[in-house]
Amino acid sequence: MTALTREQCQLLDQQDPLRALREQFALPDGVIYLDGNSLGARPRASTARAAEVVSEEWGTGLIRSWNTAGWFELPQRLGNKLAPLVGAGENEVVVTDTTSINLFKVLAAALRVQAMRDPSRKVIVSEASNFPTDLYIAQGLADLLQQGYSLRLVNSPAEIDAAVGADTAVLMLTHVNYKSGEMLDMAALTELAHARGALTVWDLCHSAGAVPVALNASNADYAIGCTYKYLNGGPGSPAFVWVAPALRDAFWQPLSGWWGHAAPFAMEPQYRPVDGVRRFLCGTQPITSMAMVECGLDIFAQTDMAALRTKSLQLTDLFIALVEERCRHHPLTLVTPREHARRGSQVSFEHPEGYAVMQALIERGVIGDYREPRIIRFGFTPLYTSFTEVWDAVETLRDVLDTETYRAERFHARGAVT
């Protein structure tokens, strides 16, 4: 893509079919927010919704609101609103718990299925660059089971084919890599796994709401993801879980709490799992946080993933072209794939002083984030990111690099969160 002028970017914003959706987000003045891949911006509707939950449903309805305000059905209702964004069907997704907890559930369920099919399959295959919590959960589960399970890591997607063999139980992958923004071919890798007798677990944290996902069409087995990134559910908002219908009722998941029971208020002493994906619920749900998720999902209902993907690619193409043109004299190395089929909705560059560069940008009102080693990340959320903001962000980056502002001592002090 040829880099555009600022005036041309302004014209693109005027012609943008999604431009009205931006008004539904509370974006602070003087800030260009390019970190929706870590924490989405706040939907304006969330303030009133939070007040309603706290003041009316909790304050007035009290415990009656489990019935009268629909609290009990909320995990399934949200799941049904989220399902079209990930290529799932009605009553196939529930919103509940955290990404890590949901990964533990589905990975344990997958290993249990495989233990019945072929007990010799003891290997979980994943990428070394997978998000750390995924690897930690797999390591912890293998240690907990104490039955010879192990985690086999590959250094690149090109090595997956050779790594999945007769000993593989599960291929556990993140659809869009959190660091590089590289997107994997879900259908092809799922087919490869199945041909070798393995099941797949997909992490959709950097995919859901950012790129089209086709779980059912890809014949995937299990998937989990968060709602606080591109889905704009709020900090720490509950995650989601999807299980292929053919596998849902094969076994109950290991965290067999009362919300996954067939009749939770029968108060039976023996666990009896409910049919369907609700068996992947565990304990009492965090209603106040969960209610915020609906505000973000309701905005997605006003568009579709095809339109969002089109704009996402336009934004990321523009950013790459502008950086490479206007910052070409600086040691920036593109980490994110150029090919559309291999790119999520973020762009990552490596710079020798990446952390300090990002801190200098943040001080100037351009908010992205940093990941080791030396990677500055920029997330582009089509619901609210404008083309003019992309141009202005690159202009700020150029100035920070040209003036070497990032060399100031204050930009080298590390915070707890980068």
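Residue numbers count from 1 along this sequence.
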Inset, instruction - Quick one: which residue pairs count as a ring-ring contact (aromatic ring centres under 6.0 Å, His included) with a foot in residues 106-145, not counting sequence neighbours? - result: Phe131-Tyr178
Inset, instruction - With sequence neighbours excluded, tell me which residues meet side-chain hydrogen bond (donor to acceptor under 3.5 Å, both in side chains) with Ser100. - result: Thr133
Legend entry - Glu324, CD: over 12 other non-hydrogen atoms inside 6.0 angstrom: yes
Legend entry - Side-chain H-bond candidate by donor/acceptor type, Thr405 with Arg364, under 3.5 Å: no
Inset, instruction - Answer yes or no: is there a side-chain heavy-atom contact under 4.5 Å between Glu182 and Thr336? - result: no
Legend entry - Closest approach of Phe380 to Val390 (non-hydrogen atoms, all atoms of both residues): CE2-CG2, 3.8 Å
Legend entry - Atom of Ala393, atom of Leu34 and distance for their closest heavy-atom approach: CB-CD1, 3.8 Å
Legend entry - Test side-chain hydrogen bond (donor to acceptor under 3.5 Å, both in side chains) applied to Asp392 - qualifying residues, sequence neighbours left out: Arg6
Legend entry - Charged N-O contact under 4.0 Å between Glu350 and Arg371: no
Inset, instruction - Using only heavy-atom distances, determine whether the side chains of Asn130 and Asp203 contain a donor-acceptor pair under 3.5 Å. - result: no
Inset, instruction - Would you check if Thr396 and Leu361 make a side-chain contact, meaning some heavy-atom pair closer than 4.5 Å? - result: yes
Legend entry - Validation row, ring centre Tyr230 to ring centre His206 under 6.0 Å: no
Legend entry - CA sep, side-chain torsions, deciding dist, call: Val170, Arg121, side-chain contact (heavy atoms from CB on, under 4.5 Å): CA-CA 9 Å; Val170 174; Arg121 292 181 177 270; over 6 Å; no
Inset, instruction - Only counting residues at least two apart or in another chain, list the ones meeting ring pair (Phe, Tyr, Trp, His ring centres under 6.0 Å) with Tyr222. - result: none
Inset, instruction - Verify whether one side chain among Glu127 and Asn155 offers a donor that lies under 3.5 Å from an acceptor in the other. - result: no
Inset, instruction - Indicate yes or no: does Lys81 engage Asp298 in a salt bridge with an N to O separation below 4.0 Å. - result: yes
Legend entry - Side chain proximity check, Val125 to Leu173, heavy atoms < 4.5 angstrom: no
Legend entry - Under 3.5 Å donor-acceptor, Gln253 side chain and Arg279 backbone: yes
Inset, instruction - Starting from the C-alpha separation in whole Å, work towards a yes-or-no answer on ring pair (Phe, Tyr, Trp, His ring centres under 6.0 Å) for His351 and Tyr406. - result: CA-CA 12 Å; His351 185 279; Tyr406 62 88; 5.5 Å; yes
Inset, instruction - Say whether Ser348 and Gln346, considering side chains only, have a donor N or O and an acceptor N or O under 3.5 Å apart. - result: yes
Inset, instruction - Flag the pair Leu318 / Gln314 as yes when at least one side-chain heavy-atom distance between them is below 4.5 Å, and no otherwise. - result: no
Inset, instruction - Grab the two heavy atoms, one from Ser126 and one from Met172, that are nearest each other, plus how far apart they are. - result: OG-O, 2.7 Å
Inset, instruction - Decide yes or no for Asp97 and Cys282: does some side-chain heavy atom of the first lie under 4.5 Å from some side-chain heavy atom of the second? - result: yes
Inset, instruction - State, without any angle test, whether Asp317 and His340 hold a side-chain donor-acceptor pair at a distance under 3.5 Å. - result: yes
Inset, instruction - Run the salt-bridge test on Glu90 and Arg77 with the 4.0 Å N-O cut-off and return the result as yes or no. - result: no
Legend entry - Thr190 vs Asn219, side chain to side chain donor-acceptor pair (under 3.5 Å): CA-CA, chis, key distance, verdict: CA-CA 7 Å; Thr190 297; Asn219 293 316; over 6 Å; no
Inset, instruction - Taking the side chain as every heavy atom from C-beta outward, state whether Glu92 and Asn216 have any atom pair closer than 4.5 Å. - result: yes
Legend entry - Greater than 12 external heavy atoms within 6.0 Å of Glu409's CD: no
Legend entry - Sequence-distant partners of Trp58, ring pair (Phe, Tyr, Trp, His ring centres under 6.0 Å), two or more places apart: none
Legend entry - Backbone N/O of Thr388 and side chain of Asp13: donor-acceptor pair under 3.5 Å: yes
Inset, instruction - Start with the C-alpha gap between Leu215 and Met186, add the side-chain angles, then the distance that decides, and say whether side-chain contact (heavy atoms from CB on, under 4.5 Å) holds. - result: CA-CA 8 Å; Leu215 289 172; Met186 179 182 290; 3.9 Å; yes
Legend entry - Between OG1 on residue Thr381 and CG on residue Leu231, distance to nearest 0.5 Å: 10.0 Å
Legend entry - Asp35/Lys229 ion pair, N-O < 4.0 Å: no
Inset, instruction - Indicate the atoms forming the closest heavy-atom contact of Leu171 with Ala193, along with that distance. - result: CD2-CB, 4.1 Å
Legend entry - For Arg248, all residues meeting side-chain hydrogen bond (donor to acceptor under 3.5 Å, both in side chains), sequence neighbours excluded: none
Inset, instruction - Taking atom types as modelled, find out whether Ser218 and Trp202 have a side-chain donor-acceptor pair closer than 3.5 angstrom. - result: no
Legend entry - Tyr271: ring pair (Phe, Tyr, Trp, His ring centres under 6.0 Å) partners, not counting sequence neighbours: Trp252, His261
Inset, instruction - For residues Thr303 and Leu21, determine if any side-chain heavy atom of one lies less than 4.5 Å from a side-chain heavy atom of the other. - result: yes
Inset, instruction - Would you check, one step at a time, whether the test salt bridge (charged side-chain N to carboxylate O under 4.0 Å, His left out) holds for Asp161 with Arg196? - result: CA-CA 10 Å; Asp161 190 342; Arg196 311 280 171 82; 2.5 Å; yes
Inset, instruction - Among residues two or more places apart or on two chains, list those pairs meeting ring-ring contact (aromatic ring centres under 6.0 Å, His included) that have a residue in residues 7-36. - result: Phe25-Tyr384
Legend entry - Sidechain N-carboxylate O distance under 4.0 Å for Glu159, Arg152: no
Legend entry - side-chain hydrogen bond (donor to acceptor under 3.5 Å, both in side chains) partners for Arg410, two or more places apart: Glu363
Legend entry - Heavy-atom check, side chain of His330 versus side chain of Arg398, under 4.5 Å: no
Legend entry - For the student: nearest non-hydrogen atoms of Asn37 and Arg377, plus distance: ND2-CZ, 3.5 Å
Inset, instruction - Report the C-alpha distance between Lys311 and Asp16 in whole Å, list the side-chain angles of each, state the deciding distance to 0.1 Å, and finish with yes or no for side-chain contact (heavy atoms from CB on, under 4.5 Å). - result: CA-CA 8 Å; Lys311 184 179 177 183; Asp16 179 13; 2.7 Å; yes
Legend entry - Donor + acceptor pair across side chains of Thr333, Arg374 (<3.5 Å): no
Inset, instruction - Using the salt bridge (charged side-chain N to carboxylate O under 4.0 Å, His left out) rule, collect all pairs that involve residues 106-117, keeping only residues at least two apart or in two chains. - result: none
Inset, instruction - Indicate whether any N or O donor in one side chain lies under 3.5 Å from an N or O acceptor in the other, for Asp221 and Thr200. - result: yes
Legend entry - Where Asn102 and Ala239 come nearest, the two heavy atoms and their spacing: ND2-CB, 3.6 Å
Inset, instruction - Name all pairs fulfilling the ring-ring contact (aromatic ring centres under 6.0 Å, His included) condition that reach into residues 69-90, sequence neighbours left out, sorted by first residue then second. - result: Trp66-Trp71, Phe72-Trp259
Legend entry - Residues Val31, Val366; criterion side-chain contact (heavy atoms from CB on, under 4.5 Å); working and verdict: CA-CA 6 Å; Val31 168; Val366 177; over 6 Å; no
Inset, instruction - Taking ring pair (Phe, Tyr, Trp, His ring centres under 6.0 Å) as the test, write out the residues that go with Tyr370, two or more places apart. - result: Tyr355
